[in-house]
Amino acid sequence: MSHMMIKTDRRRLLQMIGAGALGSTLPFGMMTSANAANLRIAMVVKNLGNSYFDACRDGANEAAKELGGIEIIYTAPTKATPEDQIAVIDALIAQKVDGIMVSSNDANALVPVGKKAMQRGIKVISFDSAIAKDGRIMHLNASSTALIGAKQVQMIAKTIKGEGEIAILSAASTMTNQNSWIAAMKDELKKPEYAKIKLVTTVYGDDQDDKSYREMQSLVKAYPNLKGVISPTTIGIRSGAKAIMDGGLTGKVFITGLGLPSEMKDAVLKGACDTFAIWNPVDYGYAATQIMASILKGADAGPGKMVKMGRIGETKVGDDGEAAMSEPFTFDKSNVEQFAKIF
Ligand code: RAM
């Protein structure tokens with residue numbers, strides 16, 4: 001993916017601020033009524049109460065409005081567990097929805113329910129966190145996994161000036177996306193420029209604020225020399241940053257990872273986080289919905305095919321049945337406030 005793409009995306013984001021993009025992200029239920037819709041597409045996310053996914057929902061509603069005749073059903077379990085997510089999907093199968101887009105809490109555990117839905121004629125794709133190959137038609141990654149992993153290591157290395165102990169504060173241990181990013185981080189850490197950085201441990205906050213906060217507190221107790229934490233989850237990074245600030249550790253321990261500008265603004269301005277990254281989650285929900293809509297209209301999203309993502313452009317499905325949307329953006333003091341207005 002080229003530098004040009006990042007520039008174009010950034011320009012478009014800036015245009016969105018000017019064009020009042022916030023006004024176009026109406027809450028679910030205000031877009032299309034169930035009766036008027038021809039197609040019902042469910043967006044099943046990891047858990048409720050996660051603003052990252054709420055932004056994905058806003059993008060899904062935007063695509064539904066643009067395309068017309070589509071109702072988005074946004075749903076998730078309260079806790080990010082595979083069992084609860086399977087129950088949610090089973091209920092959607094019983095409701096005979098047309099399509100299901102899932103951010104999975106466990107790649108393999110969701111395969112049987114994905115297969116069951118597809119056997120009944122329901123189209124299933126995953127986005128954000130993949131269902132393993134047999135349980136869906138295709139998976140849309142936010143960006144290249146290697147790039148997302150490497151970027152997070154690069155950010156912490158820059159902040160701690162290439163030296164010291166670091167830890168990872170992840171979501172749940174079963175989550176496909178976090179696990180593949182962690183594997184990519186470990187690969188990046190093998191490079192000689194990180195020889196003085198030591199990854200001491202990986203802990204799991206399960207994408208719950210209170211557990212992530214406590215895991216961060218335990219980390220700094222267990223590793224008094226800890227300098228940096230990478231949290232590849234918007235829940236982990238916001239809770240970890242809060243624990244740093246509440247614990248009087250600002251300037252001693254730094255957190256980076258994947259966060260929302262709206263939730264990380266304070267931590268960046270106060271110095272608990274130097275820099276962090278994320279893609280545009282509104283675009284992500286929009287892109288997944290565009291792909292689902294074209295599959296429902298007969299498009300082939302199999303390996304080797306190009307799939308259309310509306311205003312985002314097109315992407316190619318790889319041999320593994322996975323495609324990527326775009327590149328992540330990086331945020332720091334210079335732009336966090338501006339982007340906090342969008343997501
Ligand atoms: C959390 C979720 C989600 C992930 C983002 C970065 O909101 O774990 O799956 O993609 O963080």
Side-chain angles (χ1 to χ4, degrees), residues 43-60 74-82 84-85 101-107 110 125-131 139-145 147-152 155 168-185 202-209 211-213 215-216 229-242 255-264 267 273 275-288 322 324-331 339 343:
M43 174 177 264
V44 181
V45 299
K46 287 178 174 176
N47 55 348
L48 293 173
N50 180 340
S51 6
Y52 167 84
F53 288 123
D54 292 348
C56 292
R57 170 208 57 198
D58 290 346
Y74 176 67
T75 177
T78 317
K79 277 200 171 168
T81 68
D84 292 354
Q85 212 173 23
M101 315 185 280
V102 187
S103 171
S104 165
N105 286 324
D106 185 307
L110 263 71
I125 66 171
S126 53
F127 76 106
D128 186 62
S129 189
I131 302 180
H139 172 73
L140 183 67
N141 282 305
S143 176
S144 117
T145 298
L147 182 77
I148 297 174
K151 191 164 198 119
Q152 294 177 77
M155 289 189 294
I168 296 172
L169 169 59
S170 190
S173 62
T174 55
M175 287 172 182
T176 334
N177 52 346
Q178 271 86 18
N179 287 344
S180 55
W181 297 329
I182 291 171
M185 286 177 208
T202 299
V203 296
Y204 298 92
D206 295 348
D207 265 355
Q208 291 169 33
D209 278 303
K211 180 149 195 284
S212 307
Y213 187 91
E215 290 293 343
M216 183 73 206
V229 173
I230 300 179
S231 188
T233 144
T234 58
I235 305 287
I237 196 174
R238 76 178 183 199
S239 310
K242 191 169 184 313
I255 194 160
T256 188
L258 305 174
L260 297 174
S262 54
E263 296 180 345
M264 291 304 290
C273 170
T275 172
F276 66 97
I278 198 84
W279 42 91
N280 182 332
V282 180
D283 284 358
Y284 202 11
Y286 171 91
E322 299 195 13
M325 176 185 65
S326 64
E327 290 205 12
F329 311 109
T330 310
F331 302 94
F339 285 94
F343 54 84

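Residue indices begin at 1 and follow the sequence shown. Note that ligands are numbered from 1 as they come in the structure, with each ligand's atoms numbered from 1 the same way.
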Between Asp84 and Thr81, is the side-chain hydrogen bond (donor to acceptor under 3.5 Å, both in side chains) condition met? List the steps.
CA-CA 6 Å; Asp84 292 354; Thr81 68; 3.3 Å; yes
For a side-chain hydrogen bond (donor to acceptor under 3.5 Å, both in side chains) check, start with the C-alpha distance between Tyr286 and Asn280, then their side-chain angles and the critical distance, and finish with the verdict.
CA-CA 10 Å; Tyr286 171 91; Asn280 182 332; over 6 Å; no
If you apply the rule side-chain hydrogen bond (donor to acceptor under 3.5 Å, both in side chains), what do you find for Glu263 with Thr234, and how did you get there?
CA-CA 8 Å; Glu263 296 180 345; Thr234 58; 4.9 Å; no
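With hydrogens left out, the protein atom closest to atom 3 (C) of ligand 1 is Asp128 OD2, 3.4 Å, a heavy atom.
Taking each of Asn141, Thr234, Ile278, Thr176 in turn, the one with a heavy atom nearest to atom 7 (O) of ligand 1 proves to be Thr234. Looking at Thr233, Leu260, Leu258, Asp207, it is Asp207 that brings a heavy atom closest to atom 8 (O) of ligand 1.
Residue-level proximity to ligand 1 for Lys46 is carried by the side chain, the only part with a heavy atom below 4.0 angstrom. If you look at Trp181 next to ligand 1, the close heavy atoms, those under 4.0 Å, all belong to the side chain.
Interatomic distance, OH of Tyr204 versus OG1 of Thr202, reported as 5.5 Å (0.5 Å rounding).
The atoms of ligand 1 that sit less than 4.0 Å from any heavy atom of Phe53 are 3 (C), 9 (O).
Using bins of under 30°, 30° to 60° and over 60° for the plane-to-plane angle, the ring pair Phe329/Phe339 lands in the parallel bin.
Scanning both residues, Pro261 and Ile278, for their nearest heavy atoms gives CD-CG2, 4.2 Å.
Under a 4.0 Å heavy-atom criterion, Gln178 is in contact with ligand 1.
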